[in-house]
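To start, the structure itself, in structure tokens.
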Amino acid sequence: MKVSNFPVFTQKDVPSEAEVASHQLMIKSGMIRKLSSGQYSWLPIGLRVIQKIQDVIREELNNIGCSEILMPSVQPAELWKESERWDDYGPELLRFTDRHNREFCLGPTFEEVITDLIKKDVSSYKQLPINLFQISSKFRDEIRPRFGVMRAREFIMKDAYSFHESQSCLDMAYENYKSAYKNIFKRLMLDYTIVDADSGNIGGNESNEFHVIAETGEDDLLLDDELNGMNLEIAKVKYSEDNLESIIKKTGLTHKKGIEVGHIFKLGQKYSEKMKAKITTKDSKSINMFMGCYGIGVTRIVAAAIEQNHDSNGIIWPKSISPFEVVIIEIDGHKNKEVRSHSSEIYDLLQNSKISRIYDDRDASFGNKMKDWELIGVPNIVIIGKNEAKNKTITYKSRLGNEKLEIKIEDLINKITL
RNA sequence: CGGGGUGUAGCGCAGCUUGGUAGCGCGGCUGGUUUGGGACCAGUAGGUCGUAGGUUCGAAUCCUAUCACCCCGACCA
């Protein structure tokens, strides 16, 4: 990509409403713009980060045999009445009626739709297990949206669902998802922890949350020295205390703030009973399917990753989710033919090496370009001016540290992929 | 929904107390000098002061209503 074809919407100032670092940096770096409370448009740089995260999730889920599907965001009320969540879910369910006065909602989660989908096609244990996921926009009419995309009313979530003939088969799948999630968060280079959780109004009997540890997190976690533990709701019940301080006093556990980026549930037969999703077993009995569901907040991960990886100059992307692996900054390229052709050469070289790169060919000063790309957080910076053009070299700088190194072109690829 | 706060140019703000017809910084545009860490000079565009109504000779300023947005709380992935 060249900046002349890839709009960069960085800005110096940030609206006063942005409080936390990730929200401020996402606006300054031109990743998002607000449409209204809790609703954000994603600009090119932001969308590239989302796509990187989605790629990792897709790969890891495919690895455990989970196939991708896509379901409609608009869901008929009938399904929600069948599961009895039309009343139970509360005002967070964004509802509306169509021209025929028929009731609908915008999906915050998809247990009803997928159960309906599966029960129409699956009738035998021989067809199970089935594992499906989708990555799509979800809607929750939040009381108070907050911190940019951290708590939004419209957000992108990956939701997966599994269907089984027995509890033991569900238990196995649950562990598979748990390990896939570990791989995902490891590849995203997030500092995270897994805690025991309450299954809330999703339902079921076992549940774990995946939290990115961050000061700006909204959830309270109680952790032991190995960072294992539980969320506050579970701790209250387990230790029969009703506030954080007394639990800490009683147990000696450490309190940390977490951003919930993933949540997995063993749903059991809750939905299959209510919605009559039955199969015939090997011994010809008719039973309700066992289900699990598994969510990851894709857009929330973007904010969480920034909370964990930034400095006073801006974002510092983990390699796996950076919008680009390397940025080429040319100095005076519009005036100096040698600089321009040398930069283009490097640009092509990186293309051939399958390294994602952006080439800043704007007529802007060196300092301006550096500030922009340090703000955006691309991990590798290649500087090309008249000296590099003459010497047939490049100057390399990492987003971390201030050292600039003039190196041979051949050494560039090693530097980046290291 | 309860409490608090804010709406004035793309962004950050001043002006409001004490009514007299809107200003600053950043950003934008034009021209020139610049470009190795957010340059400088000169010029220029851009606002029915959130919206509606009222008081007044006259309203950004006072009054009423309303909408939007933010913060704290309850709720929630």
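Residue numbers start from 1 in every chain, and the chains themselves are labelled A, B, ... in the order their sequence lines are given, proteins ahead of strands. All values below were derived from every heavy atom in this structure, side-chain atoms included, with hydrogens, water molecules and symmetry-related copies excluded.
One C1' atom belongs to B:rC24, the other to B:rA9, and the distance between them is 12 Å to the nearest Å. Rounded to a whole angstrom, the distance from the P atom of B:rU61 to that of B:rA65 is 16 Å. B:rG27 and B:rU18 have their C1' atoms separated by 35 Å, given to the nearest Å. Between B:rU21 and B:rG2, the two P atoms lie 41 Å apart (nearest whole Å). B:rG28 sits 32 Å from B:rC71 when the C1' atoms are compared, rounded to a whole Å. Comparing the P positions of B:rC69 and B:rG23 gives an interatomic distance of 31 Å, to the nearest angstrom. As rounded to the nearest Å, B:rC16 and B:rA60 have C1' atoms that lie 7 Å from one another. Only the P atoms considered, B:rG31 is 23 Å distant from B:rG25, to the nearest whole Å.
Between the CD atom of A:E218 and the P atom of B:rA74 there is a distance of 11 Å, rounded to whole Å. Rounding to whole angstrom units, CD of residue A:E17 and C1' of B:rG10 are separated by 14 Å. Atoms CG (A:D13) and C1' (B:rG27) sit 8 Å apart, rounded to a whole Å. Note: CD (A:Q39) to P (B:rC70) measures 11 Å, nearest angstrom. A straight line from CG of A:D360 to P of B:rG37 spans 16 Å, rounded to a whole angstrom. Rounded to whole angstrom, the span from the NZ atom of A:K28 across to the C1' atom of B:rC26 amounts to 12 Å. Put simply, CD1 on A:I27 is 11 Å from P on B:rC70, counting in whole angstrom units. Atom CD of A:E92 and atom P of B:rC76 are 8 Å apart (whole Å).
In this entry B:rC49 has no Watson-Crick or G-U wobble partner, no candidate having both defining distances under 3.5 Å. In this structure, B:rC11 and B:rG25 make a Watson-Crick or G-U wobble pair, each of the two defining distances being under 3.5 angstrom. Base pairing analysis places B:rA59 opposite nothing; no Watson-Crick or G-U wobble pair with both distances below 3.5 Å involves it. In this entry B:rA74 has no Watson-Crick or G-U wobble partner, no candidate having both defining distances under 3.5 Å. In a base pair of the Watson-Crick type (N1 to N3 plus N6-O4 or O6-N4) or a G-U wobble (N1-O2 and O6-N3), with each distance short of 3.5 Å, B:rC69 is matched with B:rG5. Across all strands shown, nothing is found opposite B:rU34 as a Watson-Crick or G-U wobble partner with both distances under 3.5 Å.
The base of B:rG36 sits with one of its N or O atoms less than 3.5 Å from a complementary donor or acceptor on the side chain of A:E388. For A:R144 and B:rC75, a side-chain-to-base donor-acceptor distance below 3.5 Å is absent, hydrogens and geometry of angles not being considered. Looking at A:E374, its side chain comes within 3.5 Å of the base of B:rG37 through a donor and an acceptor atom. No N or O donor and acceptor, one from the side chain of A:K12 and one from the base of B:rG10, sit under 3.5 Å apart.
Between A:E68 and A:I57, every side-chain heavy-atom pair lies at or beyond the 4.5 Å cut-off.
Listed nucleotides: B:rC11, B:rU35, B:rC76. Nearest to the side chain of A:D363: B:rU35. In the set B:rC75, B:rG38, B:rC69, B:rC69 carries the atom at the smallest distance from any side-chain atom of A:K34. Relative to the side chain of A:N368, the nucleotides B:rU34, B:rG36, B:rG38 differ in distance, and B:rG38 lies closest.
Note that A:R95 lies in the cation-pi zone of A:W86, set by a 6.0 Å cut-off to the ring centre and a 45° limit from the axis. The cationic atom of A:R357 (NZ for Lys, CZ for Arg) lies less than 6.0 Å from the six-membered ring centre of A:Y347 and within 45° of the ring axis.
Here A:G385 lies in heavy-atom contact (under 4.0 Å) with a base.
Along RNA chain B, the nucleotide nearest A:N313 and the nucleotide nearest A:E142 are compared for position; the residue whose nucleotide lies closer to the 5' end is A:N313. Between A:S16 and A:S37, the residue whose closest nucleotide on RNA chain B is further toward the 5' end is A:S16.
Classified by interplanar angle (parallel below 30°, tilted 30° to 60°, perpendicular above 60°), the ring pair A:F96/A:F104 is parallel. The aromatic rings of A:Y294 and A:Y174 lie tilted to each other, with the angle between the two planes from 30° to 60°. Ring pair A:F185/A:Y181 is perpendicular by interplanar angle, where above 60° counts as perpendicular and below 30° as parallel.
The backbone N or O of A:P323 lies less than 3.5 Å from a partner atom in the side chain of A:R48, making a donor-acceptor pair.
At B:rC72, one or more side-chain N or O atoms of A:R146 fall inside 4.0 Å of OP1 or OP2 (strictly under the cut-off).
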